[in-house]
Amino acid sequence: GGRLLVRRVVRQLDCLEFLVADALASGVRVSLEHARQPARVVRAVLRALTPRIEAHGFVAPGNLGLCYDPCNLVNSALEREEPVTITASLRADEILMFHLKQSERSHPLPVLTEGDVDWPAVLTSLRRLEYRGPWCFEIAPHPEVWTNLELSRDYLTALGGCRSCPQRW
């Protein structure tokens, strides 16, 4: 029942604590992707891990954070979340990596374009956060992957996404 679940969660936090501490001791930053879990679950794990990591002498902000993927929110197996609302609720220092991809009716698209995620609104929220970390295009497997990457970059540029993107194109 409930006590068994609590013990499992504590055991998993213990394992994550030492895994993250070892990574940070080696100079590796750690980001946890929410994948198809609700973002609130991974954010709760990060909140629980932060004091544990800081007890090891590490500074969590900038070294431990969320690998944030708005498209995963609309494709969650457990509960569909609204990417614009979740993005607006984040702090820039919670995000270590920002993923860019698109789906339509929960099926991955080969390019970043219109679809399940309202990218113009998500990018507006992201700009308000003043996020300056790395971005990662997740381009679905396709024979024209490089063309699809270029089309995705062009779409992001047309939306003004590059204003907050630190990388040069």
Side-chain angles (χ1 to χ4, degrees), residues 1-110 112 115-119 121-126 128-142 152 164 166:
R3 287 183 189 198
L4 179 60
L5 178 60
V6 168
R7 282 197 300 267
R8 285 182 180 166
V9 169
V10 169
R11 190 170 62 237
Q12 292 305 315
L13 278 174
D14 290 344
C15 291
L16 276 173
E17 172 187 346
F18 291 103
L19 177 69
V20 170
D22 283 349
L24 295 177
S26 299
V28 175
R29 296 178 353 160
V30 177
S31 61
L32 300 178
E33 184 170 3
H34 53 92
R36 293 186 184 241
Q37 298 293 320
R40 66 179 166 69
V41 171
V42 176
R43 289 174 82 186
V45 168
L46 290 169
R47 280 192 302 276
L49 273 175
T50 295
R52 289 166 166 241
I53 294 308
E54 291 175 346
H56 288 270
F58 298 106
V59 176
N63 291 308
L64 173 65
L66 181 63
C67 180
Y68 181 57
D69 188 329
C71 193
N72 285 349
L73 298 174
V74 298
N75 296 311
S76 173
L78 300 176
E79 65 184 66
R80 184 180 172 100
E81 296 178 287
E82 174 50 50
V84 177
T85 303
I86 299 297
T87 304
S89 76
L90 295 169
R91 295 184 329 270
D93 68 352
E94 285 183 275
I95 307 169
L96 283 189
M97 172 71 73
F98 183 75
H99 283 191
L100 298 149
K101 69 180 177 209
Q102 185 61 284
S103 63
E104 187 169 56
R105 292 186 301 279
S106 298
H107 290 37
L109 295 178
L112 187 67
D116 293 336
V117 177
D118 180 355
W119 279 108
V122 168
L123 292 172
T124 296
S125 291
L126 196 65
R128 287 185 185 130
L129 298 178
E130 299 182 8
Y131 173 72
R132 298 281 185 254
W135 298 40
C136 176
F137 281 103
E138 284 192 81
I139 305 301
H142 191 277
S152 297
S164 60

Please report the shortest heavy-atom distance between Asp116 and Ser106, naming the atom on each side. OD2-N, 2.9 Å
Go through the steps to decide whether Glu138 and Cys71 satisfy the test side chain to side chain contact (heavy atoms under 4.5 Å, CB included), and finish with yes or no. CA-CA 10 Å; Glu138 284 192 81; Cys71 193; over 6 Å; no
Please tell me if the side chains of Ile53 and Asn63 come closer than 4.5 Å, counting only heavy atoms from C-beta onward. no
Pair Arg128-Thr87, side chain to side chain contact (heavy atoms under 4.5 Å, CB included): steps then yes or no: CA-CA 10 Å; Arg128 287 185 185 130; Thr87 304; over 6 Å; no
Rounded to the nearest 0.5 Å, what separates atom CG in Leu16 from atom CZ in Arg11? 12.5 Å
Looking at Leu46, Leu66, Leu96, which one forms a side-chain contact (heavy atoms from CB on, under 4.5 Å) with Leu32? Leu46
For Ala39, does its backbone N or O pair with a side-chain atom of Glu81 as donor and acceptor, under 3.5 Å? yes
Looking only at heavy atoms, the pair that brings Ala88 and Leu129 closest together is O-CD2, 4.3 Å
Minimum heavy-atom distance between Ala140 and Leu109, given as atom pair plus value: CB-O, 3.8 Å
Residue pairs passing the salt bridge (charged side-chain N to carboxylate O under 4.0 Å, His left out) test with at least one member in residues 20-41, sequence neighbours excluded, are Arg40-Glu79
Which pair of non-hydrogen atoms, one from His99 and one from Trp119, has the smallest distance, and what is that distance? O-CH2, 3.6 Å
Determine, step by step, whether Glu82 and Leu73 satisfy the side chain to side chain contact (heavy atoms under 4.5 Å, CB included) criterion, reporting the C-alpha distance in whole Å, the side-chain angles of both residues, the deciding distance to 0.1 Å, and the verdict. CA-CA 7 Å; Glu82 174 50 50; Leu73 298 174; over 6 Å; no
Evaluate whether atom NE2 of His56 has more than 12 neighbouring non-hydrogen atoms of other residues, nucleotides or ligands under 6.0 angstrom away. yes
Compare every heavy atom of Ser31 with every heavy atom of Cys67, then report the nearest pair and how far apart it is. CB-OG, 3.7 Å
Which residue pairs pass the salt bridge (charged side-chain N to carboxylate O under 4.0 Å, His left out) test when at least one of the two sits in residues 46-71, sequence neighbours left out? Asp14-Arg52, Glu17-Arg52, Asp69-Lys101
Closest heavy-atom pair and its distance - Pro70, Val122: CG-CG1, 4.0 Å
Describe, in one word, how the ring planes of Tyr131 and Phe98 are oriented to each other, choosing from parallel (under 30°), tilted (30 to 60°) and perpendicular (over 60°). tilted
Output for pair (Tyr68 OH, Leu100 CG), nearest 0.5 Å, gives 11.0 Å
Between Pro61 and Arg91, is any pair of side-chain heavy atoms under 4.5 Å apart? no
